[in-house]
Amino acid sequence: MEWELLGIILAGVGALYLWVFRIPYSLPHPLANPVGRENRFDILRGFAMIGIVIIHIHSYFQFFHPADTSVIRTTLFLSNLSRFSVPLFILTSAIFLRKKEGYWISKLKNLLVPYTFASVFGYLVKYNHYTVLEFLQFYLLGKVFAPFYFVPLLIQFYIFFYIFEKILMNSKYSNLLLFVSFFINLSSNLGFFDSLLPKDYHSISIFNYIFFFLLGIRIGLSKEEKNKPTANVFVLFGTFSLIILFFLTCFSGVYVIDFKNHHLIYPIFFFLAIWEILPKLNHKISNWICFIGTNSLFIFLLHPFVIHMMHSFDPYSFGGPFFGYILTLILNVGIPTAIAVIVQKGKSLYQSHHSLERQ
C-alpha cells in the first residue's frame, strides 16, 4: 500500500511539473514509426518477458537458500524492479486489439491451443496424482504453473473487449473510461474487492489490471503527435528514476517486501521512461529483445518447464550465487528462445517447400 500511495504522489508531482512549465509530452503512438508498426512495443514486451523470468528466479533462489539474506535481498530487488512486466503485457496486448473477422479464431489458434497443450503437458510433468476435476480447475484458473494465470486473465479482457468494443473504441469516452478504470484498479489494489470476489479468482481478477488494458486502448486510439521530449522531460525521468531506485532498495533490502504485480504507477513510469531510451539502444540488442517480444507468449509458456526442471539443482552448484543467477537467467530465456528460433525456421522451410510444390 505504501508503494502504491508513493507512486501516486510521484505521478502527481510529475504531472504538475509538466503542467507548470508547459512541457509538451504526448503518449507513445503505435504508428510512430513511418515504415510500419512501431517495434518499440515488441521490445517492451521482450523486456517484460525477461522481467517475468527474473521474478521467478527470485523464488527459485529463495526455495534453496532462504537464510542467505544478502543474496535473497538482491534477487528480491531485481524481482521488484521487474514488477512492470505483467501490466506491460496487458497494456501492449490492448494497443493493437481490434474486433475484426476471425477475432476468436486467432485467439484460439495463437493463445488457447498453445496454452491448452502446455497446461496438459505441464500438469502431467508437475503433479503425481491426476484428476480431471483438479486439472480443469487448474486450467481455468491458470494454476498448472504459477505464471499461467496470465492466460485466463488475458482471455477475460478479450471477452470484455468483444462485448464492449463500440464503447471502448469510441474516443469520446476514452478519457472518462480511463479515469474510472484508474479508481477501480486502485480500489482493487487496496483490497476493497477481496471480500466480494471468490478467493481463487483474486489472482486472475481483471480489476487488478483494468487500467493498463484501457490505457493500451487509449494509446491505440491516440493521434500521432510530433512532440519531441525536451531536456526538462529527461531531467524529470532521471530524478524520478533515482527516487524509485532508492525506495526499491529500501523496500527490498531493509523491509524485504515482495511487491504486487499490479501496482499502478511504476509500470507506467517504466513504460514511458524506457520508451524514450529504446531508440538509443544498441541495434543488435534491440533486435534480440524484439525477437523475444514477438515470441513472448511462446517463451512464456515454455519457461516454467525450464525453471521447474531446474528445481532439481541448487543454483549455487552452477558456480556460486552470482554465476548461478546469470546461468539461470540465460537458460530460462535462452532455451525457450532457441526453441522459438527452431520453430520459426521450421515454419519458413515448410511454407517455402509448400509454395514450390504449388508451382
Side-chain angles (χ1 to χ4, degrees), residues 3 46-90 115 118-119 121-123 125-128 138 141-153 189 199-200 202-205 208-209 248-263 266-267 270 292 296-297 299-337:
W3 179 245
F47 273 113
M49 186 62 250
I50 295 170
I52 285 175
V53 172
I54 289 172
I55 291 169
H56 298 145
I57 290 177
H58 167 65
S59 301
Y60 173 51
F61 272 66
Q62 196 172 39
F63 177 80
F64 279 98
H65 298 281
D68 195 344
T69 55
S70 60
V71 172
I72 294 305
R73 290 181 181 188
T74 302
T75 61
L76 177 61
F77 171 82
L78 295 171
S79 172
N80 284 336
L81 188 68
S82 303
R83 289 296 177 176
F84 63 87
S85 301
V86 173
L88 205 58
F89 265 123
I90 297 292
Y115 170 67
S119 295
F121 187 57
Y123 183 73
V125 167
K126 187 177 180 181
Y127 301 95
N128 296 321
F138 284 7
L141 296 174
K143 293 173 68 175
V144 173
F145 287 114
F148 277 15
Y149 77 91
F150 176 75
V151 177
L153 175 67
N189 287 354
K199 188 175 180 181
D200 285 339
H202 288 178
S203 63
I204 61 169
S205 170
N208 291 338
Y209 301 93
L248 273 172
T249 302
C250 288
F251 287 137
S252 304
V254 179
Y255 300 108
V256 197
I257 297 173
D258 200 346
F259 292 157
K260 294 178 182 178
N261 274 340
H262 45 87
H263 284 305
Y266 175 60
F270 182 93
I292 293 172
S296 56
L297 180 65
I299 297 169
F300 171 83
L301 292 174
L302 288 178
H303 139 70
F305 289 93
V306 179
I307 197 77
H308 174 70
M309 296 300 179
M310 289 189 71
H311 273 74
S312 301
F313 306 95
D314 185 331
Y316 286 17
S317 65
F318 300 124
F322 177 77
F323 289 107
Y325 190 95
I326 298 299
L327 184 62
T328 303
L329 179 61
I330 291 172
L331 290 175
N332 277 270
V333 176
I335 291 175
T337 303

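From a predicted model like this one, the values you see are computed outputs, not experimental measurements. Side chains are part of it too, since the values below use all heavy atoms of this structure and drop only hydrogens, waters and symmetry mates.
Here the OG1-CD1 distance, from T337 to I330, works out to 11.5 Å after rounding to the nearest 0.5 Å. One finds the CG atom of L302 at 9.5 Å from the CG atom of L297 (value rounded to the nearest 0.5 Å). Of the inter-residue distances, the one linking I55 atom CD1 with F84 atom CZ reads 8.0 Å to the nearest 0.5 angstrom. To the nearest 0.5 Å, atoms OG (S79) and CZ (F259) are separated by 9.5 Å. Rounding to the nearest 0.5 Å places CE of M49 at 10.5 Å from CD1 of I54. The distance from the OG1 atom of T249 to the OH atom of Y255 is 12.5 Å, given to the nearest 0.5 Å.
Looking at M310 and F318, their side chains come closer than 4.5 Å, going by heavy atoms from C-beta outward. For the pair V333/I299, no side-chain contact is recorded, criterion being any heavy-atom separation below 4.5 Å from C-beta on. Between P152 and Y115 there is a side-chain heavy-atom pair separated by less than 4.5 Å. Within the 4.5 Å cutoff, the side chain of F77 has no heavy atoms near those of the T74 side chain. Contact check for V256 versus L76: side-chain heavy atoms found under the 4.5 Å cut-off. Between I90 and F150 the shortest side-chain heavy-atom distance falls below 4.5 Å. You'll find the side chain of L301 reaches within 4.5 Å of the side chain of F148, heavy atoms only. Looking only at side-chain heavy atoms (C-beta outward), T75 and Y60 stay at 4.5 Å or farther from each other.
Side-chain atoms of H263 and N189 include no donor-acceptor pair closer than 3.5 Å. A donor-acceptor pair shorter than 3.5 Å can be found between the side chains of H65 and D314.
A distance of 6.0 Å or more separates the ring centres of F313 and F64.
Nearest heavy-atom pair, P304 versus F145, reported as atom, atom and distance to 0.1 Å: CB-CG, 3.5 Å. Smallest separation of non-hydrogen atoms from V71 and F61: CG1-CD2, 3.9 Å. The minimum heavy-atom distance between I204 and L153, with the atom names listed, is O-CD1, 3.5 Å. Nearest heavy atoms, Y149 versus S203: CD1-O, 3.3 Å. Of all the heavy atoms in V144 and S119, the pair that sits closest is CG1-O, 3.7 Å. Between S296 and F89 the shortest heavy-atom distance is OG-CE2, 3.5 Å.
Remark: the backbone N or O of I307 is paired with a side-chain donor or acceptor of H311 at under 3.5 angstrom. A donor-acceptor contact shorter than 3.5 Å is absent between the side chain of N80 and the backbone of L248. Checked by atom type and distance alone, the side chain of N208 pairs as donor or acceptor with a backbone atom of H202 at under 3.5 Å.
When the ring pair (Phe, Tyr, Trp, His ring centres under 6.0 Å) test is applied to Y123, the partners found at least two apart in sequence or on another chain are Y127, Y130, F135. Residues satisfying the side-chain hydrogen bond (donor to acceptor under 3.5 Å, both in side chains) criterion with Y316, sequence neighbours excluded, are D68. For F322, the ring pair (Phe, Tyr, Trp, His ring centres under 6.0 Å) test picks out no residue, with sequence neighbours left out. Residues forming a side-chain hydrogen bond (donor to acceptor under 3.5 Å, both in side chains) with S82 (at least two apart in sequence, or on another chain): none.
Note on residues 324-333: pairs passing side-chain hydrogen bond (donor to acceptor under 3.5 Å, both in side chains), not counting sequence neighbours, are H303-N332. Identified under the salt bridge (Lys or Arg N to Asp or Glu O under 4.0 Å) test for residues 249-261, with sequence neighbours left out: R83-D258.
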* **side chain to side chain contact (heavy atoms under 4.5 Å, CB included) assessment of F300 paired with V151** => CA-CA 10 Å; F300 171 83; V151 177; 4.2 Å; yes

